[in-house]
Amino acid sequence: MEDFSALTKEFTPMIHHIIRSLSIYKNKEEYFQVGLIALWESFRNFNEEYGQFSNYAYTVIKGKILNELKHHHKYEIRTEPFDSFILDIKDPFSMHEEAFAIDNILNYTEGLTLNQQRWLFTDIPGK
């Protein structure tokens, strides 16, 4: 068989075709490198009994790229950042300030009617 640099020139379009057929649009260079490594492995492990080299190389390259896609997908799922809406962490001191403010307001609401008190407390943040 020929040397690997000539083989790389010959099979580069095939690697790009596989990347396009899998609709890979992010990290194309990385997946191209995975394809080149798979081409090297298929070059080293090829046996004439397997059939034509191009068919064998296509299968190995596509399989390695699919495995890499699967690993990247698992990584993205496991390392997805939390939304700030999910973790609504309040400052513990601000909660005490709110309670203190409500207690102070209650001291001044003795002369108000029940509806006036309700209206006053609907304007308080966090209530």
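Computed from heavy atoms alone, side chains included, the values below leave out hydrogens, waters and symmetry copies. Note that the numbering runs from 1 along the sequence shown for the chain. Values in this document were obtained by computation on a predicted structure and should not be read as measured data.
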Test of understanding: with side-chain hydrogen bond (donor to acceptor under 3.5 Å, both in side chains), list the residues that count as partners of Ser5, not counting sequence neighbours. Asp3

Mind checking the CG-OG spacing from Asn47 to Ser42? Nearest 0.5 Å is all I need. 13.0 Å

Please report the interatomic distance CD1(Ile24) to CG(Leu66), rounded to the nearest 0.5 Å. 7.5 Å

Inter- and intrachain pairs under salt bridge (Lys or Arg N to Asp or Glu O under 4.0 Å), touching residues 23-40, at least two apart: Lys26-Glu76

NZ of Lys62 to OH of Tyr58: how many Å apart, nearest 0.5 Å? 4.0 Å

CZ (Phe53) and CZ (Phe43) are apart, to the nearest 0.5 Å, by 7.0 Å

Nearest 0.5 Å please: distance from the CD1 atom of Ile15 over to the NE2 atom of His17. 12.0 Å

Do Ile37 and Phe4 land in one hydrophobic cluster if side-chain heavy atoms of ILVMFWY residues count as linked below 4.5 Å? no

All pairs passing salt bridge (Lys or Arg N to Asp or Glu O under 4.0 Å) where residues 34-43 contributes a residue, at least two apart: Glu41-Lys64

Do His16 and Thr12 have side chains that get closer than 4.5 Å, going by heavy atoms? yes

Less than 6.0 Å separating the ring centroids of Tyr25 and Tyr31? no

Measuring from atom CD1 of Ile65 to atom CD1 of Ile19, what distance do you get when rounded to the nearest 0.5 angstrom? 5.0 Å

Taking every non-hydrogen atom, the tightest pair across Ala57 and Leu39: CB-CD1, 4.2 Å

Do the rings of Phe46 and Tyr56 sit parallel, tilted or perpendicular, given the 30° and 60° boundaries? tilted

